[in-house]
Amino acid sequence: MNERGNSTGGDRPEPRADVTIVDAGIGNIRSVQRMFEAVEGRAEIATDPAALAGCRRLVLPGVGAFDAGMTALKGGGWIDALNAVALEERRPVLGICLGMQLLCRRSEEGGMPGLGWIEADVVKLDLGDKAGLKIPHMGWTVTTAAKANPLIPSDEGEQRFYYVHKYRAVCDRPEDVLCVAEYGTTFTSGVHRDNIRGLQFHPEKSHRFGMAVFRRFLAL
Amino acid sequence: MLSHRVIPCLLLGEGGLVKTLKFAKPKYVGDPINAVKIFNDKEVDELMVLDILATRQGRAPDFALIEQLAGECFMPLCYGGGIRTFEDALTLFKLGVEKVCLQSAVLRSPDIIRRIADHAGEQAVMVSIDVKRNWLGKPVLHSAAGLAGGTGSWRDAIRQAIAHGAGEILLNAVDRDGTLNGVDTALIREASALADIPLVAVGGVGSLADIKAATDAGASAVAAGAFFVFQGPHRAVLITYPRPEELRRLWSD
């Protein structure tokens, strides 16, 4: 492992990092790593799918368009390795922003199928009848847990996070909804099934609120 | 409920952080890394850092400094100043910068907007449009780096930026800059009507009421420099930021 915590697979003499962050060229990796370090987690960056083998927890950040994200994952040979970690080894997985959307079956934004780990589709934000709301939804928004969950508390005061997105996930089953927020209308801002979770907002840009989420993810 | 973003805007100039008056007379404010640390501790919504000398001096962004600044920010950081190429933007994203702010590069070649937006998403590209009122009081496009590219109107500049895929517009009222005298609501209103993407208004904020006036006029977010770094009639340097309750009260009915 080099000084940045980058891993390219192979033998490692020391214990595995707490979190492995997928770098498929589609996300702001450094900020995610920095926040995990700030909450005393060791976060390694994986630039090669082989590096995912044996990881303890996986984070999939993502920014940009759905098809661009899936193209990067497919083109980089990530799909099999990701499926192994999420569906076979069942390690804790966290998708962030586009990373959350990629966990779903498909998106209105693109034509390619997603990873399909969550029974949900991604559709445009519904601004309702609110005049003057601009796209994308960009800014700090109060977020509420939809069910008891280890990442977002219901009893620690208002939770606010930074959002930047034009699309949202819609789950087949209400029990897969982790949290919700409002922009025009109320929308699903977090998804969850078994060991797999996704958050529409950016914890790594949400200072102490995001740090708390990352700290709790490290405890999974 | 979406809170409108309130964004400290820090200017990098000779020797460190500076604050200008109507885009002139830069006054030294302090060390940029220290200031960013303080704003991070105050949990500001977002931070904007603009290098006001880079383009004029024909140099690239100070990547080493920017990396240090990004390292202190656990909220979105927007950087502008001296970004010439797509590669410059990529370097900035890798350093942890959330958004790049472009002005001169767009005047030279607006295609750079689409190139960056296609790679990093439109929300990562902010186009900065400076508007000055001429002697008739008519708003006119201004180039902070003195480039002769502003042949179109400021309205065209906004339309063009949007057409090329910008995610946000930074609308700077040059005459109000540093004055703490209030925002140019007429300008903001007109610009907001032209833009279906978020508009960040900057220039002239001197009070919380000014922030509200800007958002009432249609700004999605408001940036300010002097309001957050100066205190009192003698403009002593003191870094401040409103408490979350104070901001929330502005927009609750």
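Throughout, a chain's letter reflects where its sequence line sits, starting with A, and its residues are numbered from 1.
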Original post:
What do the steps show when you test B:Arg248 against A:Glu158 for salt bridge (charged side-chain N to carboxylate O under 4.0 Å, His left out), and what is the final call?
Top reply: CA-CA 13 Å; B:Arg248 200 163 323 175; A:Glu158 193 176 77; 2.9 Å; yes
Subject >> Test item: B:Pro198 and A:Pro136 side chains (from C-beta on) under 4.5 Å apart, heavy atoms >> reply: yes
**OP:** Could you tell me whether the side chain of A:Met138 reaches within less than 4.5 Å of the side chain of B:Arg5, counting heavy atoms only?
**Re:** yes
Subject >> NZ (A:Lys74) with more than 12 external heavy atoms under 6.0 Å >> reply: no
Original post:
Is A:Glu40 atom CD crowded by more than 12 heavy atoms from other residues, nucleotides or ligands, each under 6.0 Å away?
Top reply: no
**OP:** Examine distances only and state if a side-chain atom of A:Lys134 and a backbone atom of B:Ala195 form a donor-acceptor pair shorter than 3.5 Å.
**Re:** yes
Subject >> Under 3.5 Å donor-acceptor, B:His4 side chain and A:Gly139 backbone >> reply: no
Subject >> Interface residue of largest heavy-atom contact number with chain A, from B:Asn40, B:Val44, B:Val97, under 4.5 Å >> reply: B:Val44
Subject >> Most chain A-contacting option - heavy-atom pairs closer than 4.5 Å, from B:Gly218, B:Pro76, B:Gly96 >> reply: B:Pro76
Point-to-point distance, once rounded to the nearest 0.5 Å, from [atom1] of [X] to [atom2] of [Y]:
X: B:Lys94; Y: A:Asp23; atom1: NZ; atom2: CG; answer: 8.5 Å
X: B:Phe74; Y: A:Arg34; atom1: CZ; atom2: CZ; answer: 7.0 Å
X: B:Asp45; Y: A:His207; atom1: CG; atom2: NE2; answer: 7.0 Å
X: B:Glu46; Y: A:Lys205; atom1: CD; atom2: NZ; answer: 9.5 Å
X: A:Met35; Y: B:Cys73; atom1: CE; atom2: SG; answer: 10.5 Å
X: A:His202; Y: B:Glu98; atom1: NE2; atom2: CD; answer: 6.0 Å

Original post:
So what's closer than 4.5 Å to chain A heavy atoms on B:Ala70: side chain, backbone, both or neither?
Top reply: both
**OP:** Determine the minimum heavy-atom distance between A:Arg30 and B:Leu95, stating which atoms define it.
**Re:** CG-O, 4.4 Å
Original post:
After noting the C-alpha distance and the side-chain angles of B:Met75 and A:Tyr162, does the key distance pass the side chain to side chain contact (heavy atoms under 4.5 Å, CB included) rule?
Top reply: CA-CA 8 Å; B:Met75 61 274 177; A:Tyr162 193 88; over 6 Å; no
Original post:
Can you name the residues that form a salt bridge (Lys or Arg N to Asp or Glu O under 4.0 Å) with A:Asp126, not counting sequence neighbours?
Top reply: none
